[in-house]
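Have a look at the structure below, then the notes.
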Number of protein chains: 2
Amino acid sequence: MPDQHSTLRAQRRADTQRTIQAHAVRLFTERGYDATTVTDVAEAAGVSPMTVYRHFPTKEDLVLADRNGRLVAERIAASSAAQPLVRRIGTALIDSAATLTDGGPGSDPTANERFLLARLRLMISTPALRARHLDNHYALQQAIVDAVGGDTTDPDAVFPTRAAAGACLAALHTALVRWAEDDGRTALPDLIAKALAAAFGDDITGTRPNT
Amino acid sequence: MPDQHSTLRAQRRADTQRTIQAHAVRLFTERGYDATTVTDVAEAAGVSPMTVYRHFPTKEDLVLADRNGRLVAERIAASSAAQPLVRRIGTALIDSAATLTDGGPGSDPTANERFLLARLRLMISTPALRARHLDNHYALQQAIVDAVGGDTTDPDAVFPTRAAAGACLAALHTALVRWAEDDGRTALPDLIAKALAAAFGDDITGTRPNT
DNA sequence: ACCAATCTGGTAGTGACTACCGCTCCGGTA
DNA sequence: TACCGGAGCGGTAGTCACTACCAGATTGGT
């Protein structure tokens, strides 16, 4: 069988996924996450509760589902190993954020950006989602370590890399929270740069933040 | 009514809490977290499932319950505001860890330290616990910000503090993971100092790690 | 036209968690 | 010493997330 098994099947599957997730985020925002049952989401999306669980393993994944982590890891693996770790990771995070929010930065939020903000607000305000989101960052930390280190398996060798990656992701998270508080009015890459500068010193980011 | 309502009541309550938590951690370690039901824990502790829920709001709290966060925040509030933020928070974390694991550092782990290690291993290996543990660190981050900032309410003013505190706690988490991987053979304060040095540079910790 | 794989839905069940209600025992008071 | 208020403890019934196990429908390749 071809790996691209069927364009039509994959298309329909992706469509229903997007539909379910859109209705889920809308309902969670309107009524609250805990007050909305999976059955409510299924009814709003016009599918059965079973179908929801087939596309999203848990209720939390209805908000968290996202594949941006891979992007960051790839960007780091492709970056130059000559510069210091924190700068290497930091620039990758800033560039990835710029790619993700490439629409108008302040006055004209694109639909994609509004959806990102809605999901982010839910992730921050709902304890269960916030916890899982932070755990996703922990998984991303390990992916970054793998992308940086190459092939080290000695735990003593990867330890400093893990520490640096974790600290960078904490700065990213702080920037994301601030971005959501600000309703996306400030450009996300600038916020990440500022967070990195606050944690590691102004000299760590390659290009200084413009604010 | 006096705030110290009754020594005997509080004593018995604390006793049952410790008993339930001890049996819970033991069962979770033996059979796995997901494979152990709250009813199992209740039976092992000799109480009813209801009593477990009275003492621990969720199953996860059976592993996570601890009040060390308050210690860190108090230590930071009492520290000198003259030194840079990261050093101020970092030394507080190192000192708190030293207080917490004051038993023999390597060869003679005290019972308290073994219990800490068992809980930590569960927190790291079980996704749900790991997520909640990271969320506790997020709450601790806000407590640190409050302890540092005094009375700033402007989000733009607390942003750098949040970033620095988050990055420090990420380093702490990396050190905790390494400590658990190492079965507590390396002194935890030294690991924290090494993690902070790896993230922020060797000059940030007041006293250099001795390894 | 046929077959295999996939998508979808239903049923029944487990387990975490939450009201709501009584019982018992401790701690101070008349 | 007898008594009363409150706190700890247990039971019942229910909601909801989530998981097998099974059956029908649709699509893609032969």
Side-chain angles (χ1 to χ4, degrees), chain A residues 1-21 23-25 27-28 31-65 122 126-132 135, chain B residues 1-21 23-25 27-28 31-65 122 126-132 135:
Chain A
M1 64 178 76
D3 61 339
Q4 177 82 7
H5 187 52
S6 146
T7 308
L8 198 143
R9 279 236 161 105
Q11 185 70 27
R12 289 176 71 88
R13 183 172 180 82
D15 281 349
T16 53
Q17 274 200 13
R18 262 192 300 274
T19 303
I20 292 173
Q21 195 183 26
H23 283 280
V25 171
L27 289 179
F28 292 161
R31 311 183 195 169
Y33 178 79
D34 292 320
T36 308
T37 69
V38 175
T39 306
D40 293 338
V41 174
E43 285 179 6
V47 296
S48 83
M50 294 299 311
T51 305
V52 176
Y53 282 114
R54 295 211 197 276
H55 288 272
F56 300 91
T58 73
K59 182 184 179 185
E60 294 156 359
D61 287 300
L62 284 167
V63 179
L64 295 162
L122 283 170
T126 309
L129 295 175
R130 190 177 53 218
R132 281 266 336 244
D135 193 48
Chain B
M1 67 176 74
D3 62 339
Q4 174 83 7
H5 187 54
S6 146
T7 309
L8 198 144
R9 278 237 164 104
Q11 185 69 29
R12 288 176 72 88
R13 183 171 177 84
D15 281 348
T16 53
Q17 274 200 14
R18 262 193 299 274
T19 303
I20 292 173
Q21 194 182 27
H23 282 281
V25 171
L27 287 179
F28 291 160
R31 311 183 196 169
Y33 178 79
D34 292 319
T36 308
T37 69
V38 174
T39 305
D40 293 338
V41 174
E43 286 179 4
V47 295
S48 84
M50 293 301 309
T51 304
V52 175
Y53 282 114
R54 292 207 200 279
H55 288 271
F56 300 91
T58 74
K59 181 185 180 186
E60 294 155 359
D61 288 299
L62 284 167
V63 179
L64 295 162
L122 283 170
T126 309
L129 295 176
R130 190 177 53 218
R132 282 269 332 247
D135 192 49

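Lettering of chains follows the sequences in order, A, B, ..., and the numbering in each one begins at 1. For clarity, every value in this text was computed on a predicted model and none was experimentally measured.
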If you assign B:D34 and A:G46 each to the DNA chain C nucleotide with the nearest heavy atom, which residue ends up on the more 5' nucleotide? A:G46
Of the options D:dC18, C:dA19, C:dT8, whose atoms approach the side-chain atoms of B:M50 most closely? C:dA19
Given C:dA19, D:dA20, C:dC17, the nucleotide with the shortest approach to the side chain of B:Y53: C:dC17
From C:dT8, C:dA16, D:dC18, pick the nucleotide closest to the side chain of B:V38? C:dA16
Identify the two heavy atoms, one from A:F56 and one from A:D61, that lie closest to each other, and give their separation to 0.1 Å. CD2-O, 3.5 Å
Regarding B:T58, tell me which of base, sugar-phosphate or nothing describes its non-hydrogen contacts under 4.0 Å with the strands shown. sugar-phosphate
If you take all heavy atoms of A:A42 and A:S48, which pair is closest and at what distance? CB-C, 3.7 Å
With a 4.0 Å cut-off on heavy atoms, is A:P57 in touch with a base, just the backbone sugar-phosphate, or nothing at all? sugar-phosphate
Nearest atoms (heavy-atom pairs only) where B:I20 meets B:L62: CG2-CD2, 3.7 Å
With a non-hydrogen cut-off below 4.0 angstrom, is B:T16 in contact with a base, only sugar-phosphate, or nothing? sugar-phosphate
B:R13 side chain N/O closer than 4.0 Å to the phosphate oxygens (OP1, OP2) of D:dG8? yes
With nearest nucleotide decided by heavy atoms, which residue, A:T36 or A:R54, maps closer to the 5′ end of DNA chain D? A:T36
Exercise: identify the closest heavy-atom pair between A:T36 and A:L27: OG1-O, 3.6 Å
B:H55 side chain N/O closer than 4.0 Å to the phosphate oxygens (OP1, OP2) of D:dC9? yes
